[in-house]
Amino acid sequence: MNYRENLERKVISLSNNKEWDMAVAEWDVVGVEEDDSSSTTCTCGKHGLKYIFTIQNTENGNFLSPIGSECINRFGRDDLRKDATAYQQYLFLLNYYKKYKYLELKSDVFSKKLLKMLFEKGAFKPTQYNKNNPRNDYEFLVSMFNKRSAISDKQQKRVNAIMVTEIVPFIRKKLEVGQQ
Ligand SMILES: [Zn+2]
């Protein structure tokens, strides 16, 4: 069985453009699930996926799943590969919170890409503290995340407040209704 050929045939059948090199540009990562038993078969026919991605065609709305990160890499798009990684980090964040019921702005759980994804998913809420502009909180967390030196008590308090009043409620809600 030729996995690459299977993948290309499937992707092209669901894309508007019927040339592989053009068709790959039509897709976005929209979700990921974890299979602890690694018993899922990729759309290419390869068995044993642990992370099962869903991708969506931005032009015609078609979905393609299950697809593994190896096949996503075959699209040859760096942005798509990075999005897949961010989705994996997002899943890790949900599982981390589920287990520890606690979050800190540290690089073992967060990344810049993940913060951006949380912002895009609406995890940051308008509050009186961010002048009703959630982007202020998002940008604040990014600047604190990037900071190499210690942060002040005041900054730490604001980080904690954003975690407790925005990020954690968002994650709890996602965990209640199922992932993504
Ligand atoms: Zn595959």
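Every number for a ligand or one of its atoms is a count from 1 in the order of the listing. FYI, side chains are in, hydrogens and waters are out, and symmetry mates aren't considered; it's all heavy atoms of this structure.
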*asked:* For Ser111, give me all partners under side chain to side chain contact (heavy atoms under 4.5 Å, CB included), at least two apart in sequence or on another chain.
replied: Gln89, Lys113, Leu114

*asked:* Atom NZ of residue position Lys154 - does it have more than 12 heavy atoms of other residues, nucleotides or ligands inside 6.0 Å?
replied: no

*Testing Thr85, Asp79, Asp78, Asp83 for side-chain hydrogen bond (donor to acceptor under 3.5 Å, both in side chains) with Arg81, which one passes?*
Asp78

*Identify whether the distance between the nearest side-chain nitrogen and carboxylate oxygen of Glu176 and Arg172 falls below 4.0 Å.*
no

*asked:* With 2.8 Å as the threshold, which protein atoms of type N, O or S lie near the Zn ion (ligand 1)? Leave waters out.
replied: Cys42 SG, Cys44 SG, Cys71 SG

*Would you call the rings of Tyr90 and Tyr87 parallel, tilted or perpendicular, where under 30° means parallel and over 60° means perpendicular?*
perpendicular

_Under 4.0 Å between a side-chain nitrogen and a carboxylate oxygen: does that hold for Asp137 and Arg158?_
yes

